[in-house]
Amino acid sequence: MQNATLAQWFEELADRLEIQGANPFRVRAYRNAARTFADHPEPLAEIVSAGRSLQELPGIGQDLADKAATLITTGSLPQLEELRAQIPQGVLDMLRIPGLGPKKAAVLFHELAITSLDQLRAAAESGAVAGLKGFGKKTAQAILEGLQLAAAAGERVYLAEAKAVSDEIVAGLLTVPGVYQAAAAGSVRRRNETIGDLDVLATAADSAAAMDFLAAHALVEKVLARGDTKQRVRLKSGLELDLRVVADASYGAALQYFTGSKEHNILVRKRALERGLKINEYGVYRDDILVAGHTEDDVYAAIGLPWIPPELREGQREMELAETGRLPRLIELADIRGDLHSHTTATDGQATIREMIAAAQRRGLEYFAITDHSKRVTMANGLDADRLRAHWREIEQVRRDFSGIEVLRGIECDILEDATLDLDDEVLAEADWVVAVLHYGLKQPAEQVTRRLLSAIANPYVSVIGHPTARIVGKRPPVAANMEDVLKAAADQGVMMEINAHPSRLDLDDVLAASAKTLGIPLVISTDAHSVNGFDVMQYGVYQARRAGLEAADVANTRPWHEFRQLLHRRRG
DNA sequence: GCCGTTTTCGGCCCGACTGTTTTCAGTCG
């Protein structure tokens, strides 16, 4: 069983317990457990089968460890079955409607016996909802609107899309007279893979001007709520955005607070309490006297910590790392010197060899690999041995016209369903750089798909495994492979692992990339560019690497060409 | 349900906004 599956069950337990009116701190223990399980790099099933206790994980006590073990070994849990019998799925569905939480959902279920969203709509239209205690006409109206939006609501967008929108609004706010500072916060600033809503912070003498600007913005459809310091709007794209406006002296405290994550903030504030301090979005206080808050540096310094990069603020290990002075110096876009995964018109790319090399050079890359598809990918006009060799000859020809950039003759070679490679070793041996990838047979059982990856890693000509789990963020799950075995093999064989920078891939993800780092596997961040603009996405690969806690030294393509070349030769012997 | 350099019991981060309320509960982040 995947850790993610176990995490989902614990989320479900938490949702159902909450509707049942359980102690909120008990519910939080279940939610914390879900996060801990989802983010744990080692397969929990293996821990259990090895006879170890899950109590070794933070926030997991005897009770939750037993429940998790039962779920892992039997696939069910009496408590969960009981909760499922008591609370229909339709009641859980209500939680997705903005404004409906566990308390109101429980009232609708118990007072009106509503067990589906269709029944909820009918009850809202008939006036039954508005007549309930604690409800009213506006609530009923909000429910009807929420049902309308149900399809779009809860849908997350890729970071790249969310960041573009939030950057545009921030830039606009900075032109408003009276606005001092503005910045994106929330999950956009933490560079999460997907974004549920946008958070923007501004400082101003008077919040009204900033809020008026946002209300009138071309991207905004509707103002959902507005107070003195906080405004919530729905964008035409369906995304919602929170704008928070505070005094300039509170900028650091507000940015810290508004960046989150919630779990990180809980740890920060708990630490403040232990030191007799109180932190809120306006500042750090001792006995109601403001002692810090102008910058984020000040806020962290007040609780005895160095500034923590937003990408690490997930309430996991960052506090411990900060406390012991072991925070990584995270990789930056400027550290990248090479790009090792790209396509041309020879297969499904949109630019010629010459155009791609020129574009790579304009980006300041020192080295660059052209890795068109192998023949199995017929849709993309994949290359067989003859066409590939002709393609490489053309690359040799064209690259003579460029200086100051090394161009590698590469191939993105499919790992076939039967665990063989799509091209013979004889051909692969002639390549400068071989990216081995899974494109087909992604639903194979764990055993077979693991065997495929292991056999590719064992091939002496394979340089790197590209987008190793083949997942598409939010659309296609990762392959079922035992990634722990795969990473161990890669470490043994000196095969690199890719972080594919495309916003829909970002694979390896942060958890697996962190495991790879621990094992000493060199990572490669590549764009998979299919056009001259395809290089733009490198930034997102770097963000993912930062979330994994990677430093420049952990990423092979930050090295100068002469060092990178040595890495290649080491593999080839 | 978890946890402990004041605690094995009694805490558990903190505040804004809305709607339905005569002082606050629920939701959200």
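Within every chain, numbering begins at 1; the chains are lettered A, B, ... in the order of the sequence lines, protein sequences first and strands thereafter.
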Show the numbers, then the answer: is there a side-chain hydrogen bond (donor to acceptor under 3.5 Å, both in side chains) between A/Glu318 and A/His264?
CA-CA 9 Å; A/Glu318 72 274 16; A/His264 175 80; 2.8 Å; yes
Between [X] ([atom1]) and [N] ([atom2]), how many Å, whole number?
X        : N      : atom1 : atom2 : value
A/Asp66  : B/dG1  : CG    : P     : 11 Å
A/Arg31  : B/dC13 : CZ    : P     : 15 Å
A/Glu11  : B/dG1  : CD    : C1'   : 15 Å
A/Phe258 : B/dC14 : CZ    : C1'   : 14 Å
A/Glu18  : B/dA25 : CD    : P     : 17 Å
A/Ile19  : B/dT27 : CD1   : P     : 10 Å
A/Leu277 : B/dC14 : CG    : P     : 11 Å

Atom pair CG/CG of A/Leu13 and A/Leu71 - distance to nearest 0.5 Å:
7.0 Å
Interatomic spacing from CD1 in A/Ile279 to CD1 in A/Ile303 - rounded to 0.5 Å:
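Atom-to-atom, A/Ile279:CD1 and A/Ile303:CD1 are 4.5 Å apart.
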Just to be sure I understand the geometry, which residues of residues 99-109 of chain A put a non-hydrogen atom under 4.0 Å away from DNA chain B?
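Heavy-atom cutoff 4.0 Å gives A/Gly99, A/Leu100, A/Gly101, A/Pro102, A/Lys103, A/Lys104.
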For DNA chain B, determine which residues of residues 290-306 of chain A have any heavy atom closer than 4.0 angstrom to one of its atoms, and list them numerically.
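The answer is none.
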Should [X] and [Y] count as an ion pair when the cut-off is N to O under 4.0 Å?
X        : Y        : answer
A/Lys270 : A/Glu274 : no
A/Asp197 : A/Arg232 : yes
A/Asp15  : A/Arg31  : yes
A/Lys104 : A/Glu111 : no
A/Glu11  : A/Arg35  : no

Taking only residues two or more places apart in sequence, or in another chain, which ones meet A/Tyr543 in a ring pair (Phe, Tyr, Trp, His ring centres under 6.0 Å)?
A/Tyr540
If I pick the C1' atom on B/dC3 and the same atom on B/dT8, what distance separates them, to the nearest angstrom?
9 Å
Considering only atom C1', compute the distance from B/dC14 to B/dT20 and round it to an integer number of Å.
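Those two atoms are separated by 24 Å.
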Heavy-atom closest pair, residues A/Ala545 and A/Ile525:
CB-CD1, 3.7 Å
Per nearest nucleotide of DNA chain B, the residue lying toward the 5' end, A/Arg26 or A/Asn265, is A/Arg26
Residues 49-95 of chain A vs ring pair (Phe, Tyr, Trp, His ring centres under 6.0 Å), sequence neighbours excluded, gives none
Any ring pair (Phe, Tyr, Trp, His ring centres under 6.0 Å) involving residues 199-238 of chain A? Give me the pairs, sequence neighbours left out, ordered by first then second residue.
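Checked against ring pair (Phe, Tyr, Trp, His ring centres under 6.0 Å) - neighbours excluded - the pairs reaching residues 199-238 of chain A are A/Phe213-A/His217.
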Counting only Watson-Crick pairs (N1-N3 plus N6-O4 or O6-N4) and G-U wobbles (N1-O2, O6-N3), all under 3.5 Å, who is the partner of B/dG19?
B/dC24
Quick one: side chains of residues 125-139 of chain A, donor-acceptor pairs under 3.5 Å with protein atoms, not counting sequence neighbours, listed by atom name and distance.
unit_1, atom_1, unit_2, atom_2, d
A/Ser126, OG, A/Ala122, O, 3.4
A/Ser126, OG, A/Ala123, O, 3.2
A/Ser126, OG, A/Ala128, N, 3.2

Taking only residues two or more places apart in sequence or in another chain, which ones pass side-chain hydrogen bond (donor to acceptor under 3.5 Å, both in side chains) with A/Ser207?
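Testing A/Ser207 for side-chain hydrogen bond (donor to acceptor under 3.5 Å, both in side chains), a comparison that skips the adjacent residues, returns none.
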Quick one: classify the glycosidic conformation of B/dT21 as syn or anti, with syn meaning within 90° of 0.
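Base orientation: anti.
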Could you check whether A/Asn192 and A/Ser187, counting side-chain N and O atoms only, form a donor-acceptor pair closer than 3.5 Å?
no
When you compare the protein's N or O atoms with those of nucleotides 10-12 of chain B, which come within less than 3.5 Å of each other, and at what distance?
none

Set out, line by line, the N/O atom pairs under 3.5 Å between protein and nucleotides 15-22 of chain B.
unit_1, atom_1, unit_2, atom_2, d
B/dG15, OP1, A/Lys278, NZ, 3.1
B/dG15, OP1, A/Asn280, ND2, 3.2
B/dA16, OP1, A/Tyr282, OH, 2.9
B/dA16, O3', A/Thr229, OG1, 3.3
B/dC17, OP1, A/Asp228, N, 3.1
B/dC17, OP1, A/Thr229, N, 3.0
B/dC17, OP1, A/Lys230, N, 2.7
B/dC17, OP1, A/Lys230, O, 3.4
B/dT18, OP1, A/Arg226, N, 2.8
B/dT18, OP1, A/Arg226, O, 3.3
B/dG19, O3', A/Thr139, OG1, 3.3
B/dT20, OP1, A/Gly136, N, 2.6
B/dT20, OP1, A/Gly136, O, 3.2
B/dT20, OP1, A/Lys137, N, 3.3
B/dT20, OP1, A/Thr139, N, 3.3
B/dT20, OP1, A/Thr139, OG1, 3.1

Can you give the donor-acceptor pairs under 3.5 Å from side chains of residues 47-55 of chain A to other protein atoms, not counting sequence neighbours?
unit_1, atom_1, unit_2, atom_2, d
A/Ser49, OG, A/Ala45, O, 3.2
A/Ser49, OG, A/Glu46, O, 3.2
A/Arg52, NH1, A/Glu42, OE2, 3.2
A/Arg52, NH2, A/Glu56, OE2, 2.8
A/Ser53, OG, A/Gln55, N, 2.9

Do nucleotides 2-7 of chain B as a string where each nucleotide becomes B, S or -: B if the base has a protein heavy atom under 4.0 Å, S if just the sugar-phosphate does, - if no protein is that close.
SS----
Only distances under 3.5 Å count here; give the side-chain donor-acceptor pairs of residues 112-121 of chain A to other protein atoms, sequence neighbours excluded, each with its distance to 0.1 Å.
unit_1, atom_1, unit_2, atom_2, d
A/Thr115, OG1, A/Gln119, OE1, 3.3
A/Ser116, OG, A/Asp118, N, 3.4
A/Ser116, OG, A/Gln119, N, 3.1
A/Gln119, OE1, A/Thr115, N, 2.8

